[in-house]
Amino acid sequence: MSRTLQVTILGATGSIGLSTLDVIARHPERYGVFALTGFSRIRELFQLCLIHRPQYAVVAEEADARFLRTEFANAGLKTQVLLGRSGLCDVAAHPDVDVVMAAIVGAAGLHPTLSAIQANKRVLLANKEALVMSGALFMQALHASSAELLPIDSEHNAIFQCLPPKSETIAGKGIRRILLTASGGPFRKFAMSQLADVTPEQACAHPNWSMGRKISVDSASMMNKGLELIEACWLFGARSDQVEVIIHPQSVIHSMVDYVDGSVLAQLGNPDMRTPIAHALAWPERIESGVSALDLLRIGCLDFESPDEQRFPCLRLARQAAVTCGTAPAMLNAANEIAVAAFLNRRIRFTEIADVIEHVLEREASIPTTCLDDVLTADERARALAESWLNNYDR
Ligand code: NAD
Ligand code: MG
């Protein structure tokens, strides 16, 4: 390789961001850190900048920017500090950047991810919410650019690895269906009555994966699998009835592709996000990720179950939104973001997350999306409806 590839990490202080830095630090001859961004945990962001010495750091608040500028000056670091959405978009699209890791959680990641695509970067997509909310427009922007989109979500990364090369769509490839595996989360065996009383701490204690709080709650409610179903439809040009969700509690098979000749291809590995991150960074080459070799003899057996949409209605709501399409997935995502935050703040019960989302989807009809404003308006409307549900509930 002739020169080090410059990497921007959007959401560097998060779980995916830190795993990305771990992989990059193993290959200093291949990758350099161009920019790191963080929304909170600014002291941690400062420490990361001391270690990785990026050209830019991006934060959301002016006070945080002032803090970083002072600390950088004291430490003799030349890192420049940028602010807000424009700062995020600038470091995503900067001409010196080769690779952008999109690892901001939620709708806040949409604009910088689109900026990276429009600037023809290699985009490593962890921020599934961005794709779910803007699906058709996101894919149009991708196809109009020469950007490369590589999925980081372990399931989609697995599917990517099991598909023939350059499969923009599964149509015409002899594929019967995509088998999207799900761990089932920490409440897989809980009865409906038990689900009503679970705490944020229980929801965030995932049996196999260590992740941010929002995606941990999504995994527990199975909304994560619902979002991933929509994500898979866009990434692989699949209809929602071509994507089957299968519970696989060990999280060793990260997903599968079922071909018409009866072959089923799977990607296996220990549940550690550094594997898909290393895969997407180096693709089509392979690099060390720090993940230990899979020991199938120790694991012993792999189990499979069908998902229960009665106990986990978020999965049903997401499938409906995938079929409805238009602004429905954006509204589903926005309502879910508000509901998950309310659950984490102990305002509502775990089982009421689905109630909030269902309320919003019933109140607001889906419309086709012709431009990004349609998506952003739907996102705002859904958030306002979800907030009004919560305000009535508090009273
Ligand atoms: P996290 O909460 O650990 O980190 C989120 C990052 O986004 C942090 O750096 C935070 O500062 C930043 N951020 C949060 N709100 C922001 C805002 N409003 N503006 C700008 N930055 C903001 O989350 P995570 O677990 O690393 O997940 C990140 C994304 O990757 C999510 O979309 C998640 O669904 C996806 N993902 C995560 C995993 C995993 O194992 N953690 C697996 C698959 C997909
Ligand atoms: Mg996943």
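Every number for a ligand or one of its atoms is a count from 1 in the order of the listing. From a predicted model like this one, the values you see are computed outputs, not experimental measurements.
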Between [X] and [Y], is any side-chain donor less than 3.5 angstrom from a side-chain acceptor?
{"X": "Glu337", "Y": "Asn333", "result": "yes"}
{"X": "Ser183", "Y": "His206", "result": "yes"}
{"X": "Asp308", "Y": "Gln310", "result": "no"}
{"X": "Asp373", "Y": "Thr377", "result": "no"}

Every N, O or S from the protein that is nearer than 2.8 Å to the Mg ion (ligand 2):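 Counting only protein N, O or S atoms under 2.8 Å from the Mg ion (ligand 2), the list reads Asp153 OD1, Glu155 OE1, Glu228 OE2.
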Ignoring hydrogens and angles, tell me if any N or O in the side chain of Arg213 forms a donor-acceptor pair with the backbone of Pro200 under 3.5 Å.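 Such a contact is absent between Arg213 side chain and Pro200 backbone.
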Side-chain donor/acceptor of His279 to backbone N/O of Arg286, under 3.5 Å: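 No, His279 side chain to Arg286 backbone: no donor-acceptor pair under 3.5 Å.
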For Lys128 and Asp218, what are the C-alpha separation, side-chain angles and deciding distance, and is it a salt bridge (Lys or Arg N to Asp or Glu O under 4.0 Å)? CA-CA 12 Å; Lys128 66 192 88 184; Asp218 285 349; over 6 Å; no
Under a 4.0 Å heavy-atom cut-off, what residues line ligand 1?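 For ligand 1, the residues that come within the 4.0 Å heavy-atom cutoff are Gly11, Ala12, Thr13, Gly14, Ser15, Ile16, Gly38, Phe39, Ser40, Ala103, Ile104, Val105, Ala108, Ala126, Asn127, Lys128, Glu129, Asp153, Met211, Gly212, Ile215, Met273.
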Between Phe46 and Phe67, what is the ring plane arrangement, given parallel below 30°, perpendicular above 60°, and tilted in between? perpendicular
Below 30° counts as parallel, above 60° as perpendicular, anything between as tilted: where do the rings of Phe236 and His156 land? parallel
